[in-house]
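Both counts, for ligands and for their atoms, begin at 1 and track the order of listing.
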Amino acid sequence: MSEASAPARAPLPRPRIYPERRWPRSGALERTAEAAAARFAPAIGWLAGRGAGGVVERVAAHEAELRALHDAELRLRGRALREALYRCRARDPEAIAEAFAVIREASDRVLGMRHFDVQLIGGDILLCGMVAEMDTGEGKTLTATLAAATAALAGIPTHVVTVNDYLARRDADLMRPLYEFLGLRVGVVTQEMPPEQKAAAYACDIAYCTNKTLAFDYLRDRLALGRRSGDLRHKLARLAAPAAPERDLLLRGLHFAIVDEADSILIDEARTPLILSRELPSTSEREEFAHALALAERMNEGRDFAIRFDERRVELTASGRALLAELAQPLGSRWRMTAQREEWAVQAITAMRLFHRDEHYIVRGGKVEIVDEHTGRVMADRFWSDGLHQMIEVKEGCAISGVRATIARMTYQRFFRRYQRLAGMTGTAAEVAGELWSVYRLAVARVPTNRLSRRELLADRIFATEAEKWRAVAETIAEHHRRGAPVLLGARSVATSRRASEALAAAGLPHVVLNAAQDAAEAEIVAAAGRRGRITVATNMAGRGTDIKLDDDVIELGGLHVIMSELHDARRIDRQLAGRCARQGQRGSFQAILSLEDALTDTNALPFERYLMYVMIRAGWSWPARLALRTAQRRAERLHAHMRHELLDRDETLDHALAFTGKAE
Ligand SMILES: Nc1ncnc2c1ncn2[C@@H]1O[C@H](COP(=O)(O)OP(=O)(O)OP(=O)(O)O)[C@@H](O)[C@H]1O
């Protein structure tokens with residue numbers, strides 16, 4: 001091509017200030033179309049996943065040449081790719097393949113880990129803005145580096161989102177040598193950091209952070225940008241002083257996010273609204289709350305109020321209202337206002353009947369601290385809203401904290417779909433593919449495993465009562481323990497893990513219990529669960545993302561045996577627990593040992609179903625019970641999907657009791 005005919009290079013476009021995606025509110029027609037599209041979401045993902053297969057050959061084409069390069073030359077190759085990637089916004093398959101090849105080669109040299117072919121497929125899926133469904137243990141942390149580094153080389157600020165600060169730091173530290181080799185800066189944002197440090201970390205090419213910190217920082221930025229004028233005020237300020245540093249903002253906009261444990265963050269956590277709040281000076285409601293608790297003691301379930309256990313809601317009946325009015329007569333003037341009186345009563349009944357010490361919260365240092373039921377983790381900065389937290393403080397005889405006032409509020413659903421490009425990875429997404437599509441426009445593509453799975457799935461065992469179940473669990477564990485094989489017992493809640501521990505102690509089995517611990521210790525305990533003869537009881541989400549390495553002789557004993565002691569509200573979570581064993585083609589086995597008295601049956605099976613199951617089991621037939629339990633699980637899944645849908649719809653309203661809260665800067 002002669003110089004005269006060569007097209008002039010277009011100047012590189014200036015990046016937008018604080019970009020994010022606007023998500024138009026859809027009308028009824030669009031919603032119907034969306035619902036139909038959601039049905040085909042798995043097919044869309046499948047097709048997209050097939051398309052991603054080509055990346056392996058394209059990357060392989062660069063392999064021999066890159067291998068022959070010196071480190072310095074390889075570095076230069078990475079830098080040379082920046083412009084091509086910038087121009088195509090990391091979308092051109094050829095440019096992506098070359099970048100992947102460089103990253104793979106660099107990783108081999110600096111980390112001693114060469115991305116497997118299936119990880120290249122996973123990386124490509126992420127870069128396309130989809131959810132890569134990769135089995136547990138397939139190396140999602142390493143897979144994410146392909147997409148993160150390629151996007152970062154293209155100049156796209158990238159957020160790698162994990163579930164807790166410990167994992168964010170660990171993953172960033174593990175992968176840092178690779179990113180630095182490629183000339184990329186990596187930052188870690190943790191909750192407790194001061195704003196300047198956070199902004200510096202977000203200013204890096206790649207920032208590792210948690211969903212919660214990220215979403216709250218975004219909320220703070222929205223406040224700083226001004227609620228009404230949106231981007232405008234900021235843009236004007238930038239026009240006036242383009243070189244001025246973005247002083248008051250933490251993030252640089254929502255460009256690209258790779259969400260680890262995507263189903264947990266995008267689906268499970270989506271049931272909880274995020275509320276940015278500030279504590280108001282302590283109120284003098286202690287006395288009123290104490291009255292409310294005393295009144296609630298005198299009211300009868302059924303006659304005066306009904307409890308919707310599945311929705312965690314209390315409703316007063318007409319007779320309850322009348323009784324309340326009567327009982328409240330001798331109390332102060334505030335008790336004469338019907339709405340106020342009834343709100344206090346409902347909160348008092350809720351505090352007494354629906355929230356239990358050492359299950360939903362613990363009392364530590366004179367404070368009520370919420371326990372995440374799934375992980376068993378104490379969430380010191382979470383508060384129940386609308387006076388419920390204070391009601392529980394009074395119930396427990398703690399000092400009453402100030403009521404919190406909402407400053408800003410949003411859901412994870414609305415937050416994550418504002419990303420210009422969003423991607424996720426998880427071992428379990430197929431069951432929620434429709435929802436991921438309709439809420440986030442995320443297709444799910446399955447990545448094949450690197451080695452064939454050798455997980456042995458043993459038939460469920462179902463018992464009529466909990467006591468029988470724990471006996472069977474202890475017997476099974478004792479058998480494995482005698483052989484020296486390690487066992488991981490998954491518990492659905494902190495309370496279950498306690499009962500499990502009691503059963504094991506009664507059988508004289510030494511074990512470690514993991515609940516309400518902090519992240520680092522949690523990861524350590526879970527990581528050690530593969531040692532010879534080890535018995536670990538853990539809430540199911542605890543230590544998620546932690547690799548369980550098996551002792552060599554343990555592999556010969558059949559690997560890790562995982563027992564599930566209760567069905568979860570979603571099949572996905574059962575699968576995650578099963579995924580704790582037999583990782584990377586190793587040996588391992590999984591079995592569910594259940595009872596009809598488990599929490600799922602309690603809230604999701606009808607009384608006659610429970611009775612029928614009981615009769616069948618006593619008659620020695622367990623398959624109808626198995627069927628009925630799975631039906632109850634489907635019911636729970638549908639209920640939760642409905643709740644998330646409602647929450648998204650009513651994002652602006654304030655009628656949810658449980659809220660994450662963060663302090664305004
Ligand atoms: N390409 C590779 N070469 C060598 N080792 C690898 C490779 N990819 C991953 N690994 C190793 O495999 C193990 C599992 O990786 P990782 O913990 O990232 O898996 P995961 O998919 O995130 O699992 P989980 O779903 O449980 O979080 C780690 O020890 C990691 O170092």
### Task
Anything under 30° is parallel, anything over 60° is perpendicular, the rest tilted; go ahead and classify Y208 against Y179.
tilted
### Message
Under 4.0 Å, heavy-atom basis, I'd like to know which part of Q119 is in contact with ligand 1: side chain, backbone, both or neither.
### Response
side chain
### Message
How about CG on D552, more than 12 heavy atoms from neighbouring residues, nucleotides or ligands closer than 6.0 Å, or not?
### Response
no
### Neighbour count >12 (heavy atoms, 6.0 Å) for atom CZ, R114
yes
### Contact check, K549 vs ligand 1, heavy-atom distance below 4.0 Å
yes
### Query
For ligand 1, which part of L142 has a heavy atom less than 4.0 Å away: the side chain, the backbone, both, or neither?
side chain
### Task
Applying side-chain contact (heavy atoms from CB on, under 4.5 Å), name anything that partners E98, two or more places apart in sequence or on another chain.
H62, R77, L81
### Query
What pairs with H511 under ring-ring contact (aromatic ring centres under 6.0 Å, His included), at least two apart in sequence or on another chain?
none
### Task
Specify side chain, backbone, both or neither for K140, according to which of its non-hydrogen atoms lie closer than 4.0 Å to ligand 1.
both
### Query
Out of curiosity, H255 NE2 to R89 CZ, how far, rounded to the nearest 0.5 Å?
8.0 Å
### Query
Hey, is R580 one of the residues with a heavy atom under 4.0 angstrom from ligand 1?
no
### Query
Quick one: does G137 get a heavy atom under 4.0 Å from ligand 1?
yes
### Task
Compare R114, M113, M134, R583 and give the one whose heavy atom is closest to atom 1 (N) of ligand 1.
R114
